[in-house]
Protein chains: 2
Amino acid sequence: MDTRLDLVFAALADPTRRAILTMLLEDDMAVTDVAEPFEMSLAAVSKHLAILTRAGLISQEKRGRVKWCKLEPDALKDASVWMQAFGQFEELDLDAFERFLDAELGQEPAR
Amino acid sequence: MDTRLDLVFAALADPTRRAILTMLLEDDMAVTDVAEPFEMSLAAVSKHLAILTRAGLISQEKRGRVKWCKLEPDALKDASVWMQAFGQFEELDLDAFERFLDAELGQEPAR
DNA sequence: GCAATCGTCAACCGATCGGTTGAATATGGG
DNA sequence: CCCATATTCAACCGATCGGTTGACGATTGC
């Protein structure tokens, strides 16, 4: 029924995948470059990227022999909208947001 | 590391659990009453509630022989804050939100 | 005190998950 | 043309998931 929301939240539930999304915030990346910081096989990262793609959180476009990964932030909108129902987040907590950014971007995404 | 975020997103990835959260928006409920609309055993719903509790999304308090379930919207705040990094949702899409509420509250949460 | 109610526990099931390895498939460069 | 690079596929693995059933422990009402 609302399978889309299932896929988005399930995709976000894994720290490797959230780290990948954070990396893609900076720029589009090739699969090999996405995989580089992680202590797992390329095939494993490729699977993670497939899950993110199925959820609509990223898109992948093959140019030549390299496949470029691009963040698709719109897919988060449904999930974000859903969450608004519960927390009265209209007043976005900017302090918490800033602390989050410092923490998130300051750490390497290895697992 | 950031296990809390893992637990919250994983908990949200299941439609039954999201339906439970929606029900608890209206009021605190006993486990048996939470389970009533679902076509699954009480034990299954009890497990879902345990998962929501571990994620901090609800709390459970036993009064007498009935255990009351209460929404804990603060747990969504971390997840919501995390998501802000990606979509520029500062301008919350109120139309989409309203459409969501109509759809969500208009449907029965059976699965 | 006893039966009914509320809820969890434990064991089990098939399916999915996150990872591995090794082979296969493009594509590009010299 | 050939080799290296980029990525996926396929098979496998143990762990977890979402569900069931049946037994069990608390609590309540009469």
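Residue numbers start from 1 in every chain, and the chains themselves are labelled A, B, ... in the order their sequence lines are given, proteins ahead of strands.
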- Task: Could you tell me whether the side chain of Arg4(A) and the main chain of Ala75(A) form a donor-acceptor pair under 3.5 Å?
- Result: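 No; zero donor-acceptor contacts below 3.5 Å.
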- Message: I want to confirm an ordering. Mapping Thr32(B) and Ala43(A) to their closest nucleotides on DNA chain C, which one lands closer to the 5' end?
- Response: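 Its nucleotide being nearer the 5' end, the pick is Thr32(B).
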- Met40(B) side chain: which of dT20(D), dG18(D), dT8(C) is closest?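 Between dT20(D), dG18(D), dT8(C), the one nearest the side chain of Met40(B) would be dT20(D).
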- Out of dT7(D), dG7(C), dG18(D), which nucleotide sits closest to the side chain of Ala30(A)?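 Looking only at heavy atoms from C-beta outward on Ala30(A), the closest nucleotide is dT7(D).
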In this structure, how many angstroms lie between the [atom2] atom of [N] and the [atom1] atom of [X], rounded?
X        : N       : atom1 : atom2 : result
Trp68(B) : dT27(D) : CH2   : C1'   : 15 Å
Met29(A) : dT7(D)  : CE    : C1'   : 15 Å
Asp14(A) : dT16(D) : CG    : P     : 14 Å
Glu39(A) : dG19(C) : CD    : C1'   : 13 Å
Leu52(A) : dG18(C) : CG    : P     : 10 Å
Leu42(A) : dT5(D)  : CG    : P     : 13 Å
Arg18(B) : dG18(D) : CZ    : P     : 12 Å
Ile51(B) : dG18(D) : CD1   : C1'   : 8 Å

- Message: If we check side-chain contact (heavy atoms from CB on, under 4.5 Å) with Thr53(B), which of these qualifies: Gln60(B), Glu72(B), His48(B)?
- Response: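 The passing option is Gln60(B).
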- Item | Given Asp14(A), Leu12(A), Val8(A), the one that forms side-chain contact (heavy atoms from CB on, under 4.5 Å) with Phe9(B) |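 It is Leu12(A), the one option of Asp14(A), Leu12(A), Val8(A) that forms the side-chain contact (heavy atoms from CB on, under 4.5 Å) with Phe9(B).
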Does [X] put a side-chain nitrogen or oxygen below 4.0 Å from OP1 or OP2 of [N]?
X        : N       : answer
Arg65(A) : dG29(C) : no
Arg63(A) : dA6(D)  : no
Ser46(A) : dT8(D)  : yes
Lys67(B) : dT8(C)  : yes
Ser41(B) : dT20(D) : yes

- Query: Is there a side-chain contact between Leu57(A) and Leu76(A), using heavy atoms and a 4.5 Å cut-off?
  - Reply: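 In contact.
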- More 5' along DNA chain D: Lys47(A) or Lys62(A), using each one's nearest nucleotide?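 This one resolves to Lys62(A).
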- Shortest non-hydrogen contact from Cys69(B) toward Ile58(B):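 Smallest heavy-atom distance, with atoms named: CB-CD1, 4.5 Å.
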